[in-house]
Amino acid sequence: MKSRLKTGQKVQGAEIVCESLLRHGVSVIFGYPGGANIPIYDALYKYPELKHVLVRHEQGAAHAAEGYAWATGRPGVCFTTSGPGATNLVTGLADAMLDSIPMVCLTGQVPSKMLGTDAFQEADVLGVTLPVTKHNYLVTGAGDIAPSIYEAFHLATAGRPGPVVVDITKDAQANYAEFAEPEIMPEFNKKIKTDATADELDSLALLLNNAEKPLIIAGHGVLLSGDGKSLLKVAESQDIPVTLTQLGLSAIPHDHPLFMGMPGMHGAVSANRAPLEADVILALGMRFHDRVTGKVSAYAPQAKIIHIDIDPSELGKNVVPEIAIVGDVKTILNRLLPKLKKRKNPLWLDRFKLWKKEEEEKVINPELNADILKSAAVINLLSKETRGLATIVADVGQNQMYAAKYYCYRKYNSHFTSGGLGTMGFALPAGMGAKMADPDREVWIVIGDGGIQMTLSELATIAQEKLDIKIALLNNNYLGMVRQWQELFYKGNYSQVRLKNPDFQKLSEGFGIKSEKADNLNSAGQAIKNARDFKGPYLIEFVVAADENVFPMLPAGAGIDEMIISKADMK
Amino acid sequence: MHKNLQNFIIWAQNKPGVLFRILWLFRRKQLNIESVTAGHSEIPDITRITITVSNNGNKVKNMVHQLNKLVNVVKVEHLDTAMLVYREMALIKIALSEKEEKSQVLRIIEHFRGRVINMTNSVMVIEATGDENKIDAFYENIKNFNIVEFVRTGRAALLK
């Protein structure tokens, strides 16, 4: 552990902030200075070990911290000033809260004597961020800084991860206190159950050993528990087909014969048909989100559901499980494994072959072999060129679905996106954070022309940091997902979805980022090669079909039995 | 009216903002609070909060887990009314114009085992305790007099 201060050394609160971060192994901070956190930036000057990235907007800092956390499993750290600096974080905090991403955000606050006076750049940060954090602190004394930051780091990763805000008044930053490493556990920290009891394991094994059509649906919890191997071993021991939710993608290699795609609104045919026939569903670290289940009453009518999650409040929240176990997925699967009978299940797996074939014929092949350049084909090319080993940071909308469905993830934990909140503009800063956290990753940002313009300013940060990031901009000059809905469900009334876009080449050039444009399969393939050969940031604008639709799809409120496989299926 | 009330007894750190976090969570999960009582418990620095809500099936059950996730909440119990002894308290201020009225009110107070805790020539302040139905009934009997102020607490509840 790196450290600069000795226990008992009397320093300014701002220095305690930096020391506390250093002792938590923080290597990168994403932030923006201002009047209320300027003492922290002064102290930062003495801490060259803490690399600070100057973002262009605080929302970018939040998403970059998320990307950092996705890539490392450690909390991403942000600095912002009071008032607008802190409120600009809110979207990123809400995003991290819904997707269980650990974050510690340190916001400056007006001096304690001015709290509540509507002072310049004062916002009620505790009140504003309460609904979008696991917990938050207001610190008004220098001596309270270290305990709050230590608790924040503990809470951010304890149990189900999430964001924590520590709001520190300017006087607390400037006043002196003795530095001492505090007790890590908050005073009344509740015990988190991580393991299954022997009884729970037995009933779990009994159900699986007797299942005829078992199905695994695994989510983010698998990645958060730190390994997909135990999941794979359990699946392989009984030939259990595995589907991965959007946030669980890349938990097992997607070219594995037991991988059956992503379930849900734009999920794979196999992953949506299987719950209708399955007799036992093993749900791991996922939360039966409405985008996964569709209409709950039509979901998995015959299945006994085994639900394992570290957050007790998720069990029984959306569906009623037969067996509900609070605990860590990896720990429980490793203990379950010896209790499982080894067996094959060819009849059940044959069903999936049929479903996969149906999707290939009706959806995938037409997408990949179209005359005009399609997003699916671009992602497929990218997947082949990178051999499925790149990290894909996907934005929100159609581009996100293509990134989820057409990239064959073969590297564990290599798909990052905004799943729960669906934050357009997430990918650009999040990709930046992921690359800074782990420079050895080949990072590709997949983003649409709408999303990129939401956090476009971070191109400047990427250029300033000379990050070796590749940006695949899928440009259809539309807000594609909304356009798709308007086409399919709103009589083709294209209301406010057409974008008159800037010249993305000139724009990139302005930021000092190399770019090129591709509008057919050949040039697309060449552009991907060029980008990979280039050391530094590179933006490719893929001009894709303006009217493409993501299929299959479930209409809003429909059950998975009402999946539409192609436009021809619609009445 | 008071049927199916569900009770949450919550022990939480006595710190600024803790009650706000708890009450916010009920709003967030779309549960309407019927009553709240909060105050010191027998444990130093621990506040005991009793909250009642109308029964809302799954949401109520899930609420225990949601409350438990609050860092400042030490312990939560979700209890059926049958498992509790509990009281509400009401204070009523009545303006009196005739002697006749005064004796009528005193008779009602006696019937409901209330107490007069302050009295002037023209005004009487009455205390009544009991469950919600008793307080309701007391109010029904007294509402035709000239009520100046009426206030009632939420449940203060203990396990049987």
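In what follows, every chain begins at residue 1, and chains take the letters A, B, ... in the order their sequences are listed.
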Worksheet entry | Shortest non-hydrogen separation from B:Val71 to A:Lys134 and the atoms involved | CG2-O, 4.4 Å
Item to complete: Only counting residues at least two apart or in another chain, list the ones meeting side-chain hydrogen bond (donor to acceptor under 3.5 Å, both in side chains) with B:Thr52.
Response: B:Ser35
Item to complete: Please list, in residue-number order, every residue in residues 90-100 of chain A that has a heavy atom less than 4.5 Å from any heavy atom of chain B; write 'none' if there are none.
Response: none
Worksheet entry | Atom NZ of B:Lys59: over 12 foreign heavy atoms under 6.0 Å | yes
Item to complete: Evaluate whether atom NZ of B:Lys61 has more than 12 neighbouring non-hydrogen atoms of other residues, nucleotides or ligands under 6.0 angstrom away.
Response: no
Worksheet item: Is the closest side-chain heavy-atom distance between A:Asn136 and B:Arg21 below 4.5 Å?
Response: yes
Item to complete: Side chain from CB out, backbone as N, CA, C, O: work out which of these in A:Leu138 comes under 4.5 Å of a heavy atom of chain B, or both, or neither.
Response: neither
Worksheet item: Side chains of A:Pro131 and B:Arg28: closer than 4.5 Å at any heavy-atom pair?
Response: no
Fill in: Residues, nucleotides or ligands: over 12 heavy atoms within 6.0 Å of B:Lys102 NZ
no
Response to the item:
Checked A:Asp311, A:Val320, A:Leu315, A:Leu130 vs chain B; the most non-hydrogen pairs under 4.5 Å come from A:Leu130
Worksheet item: Roughly how far, to the nearest 0.5 Å, is the NE2 atom of B:His65 from the NZ atom of A:Lys317?
Response: 11.5 Å
Worksheet item: Which bit of B:Leu25 comes within less than 4.5 Å of chain A, counting heavy atoms only: side chain, backbone, both or neither?
Response: neither
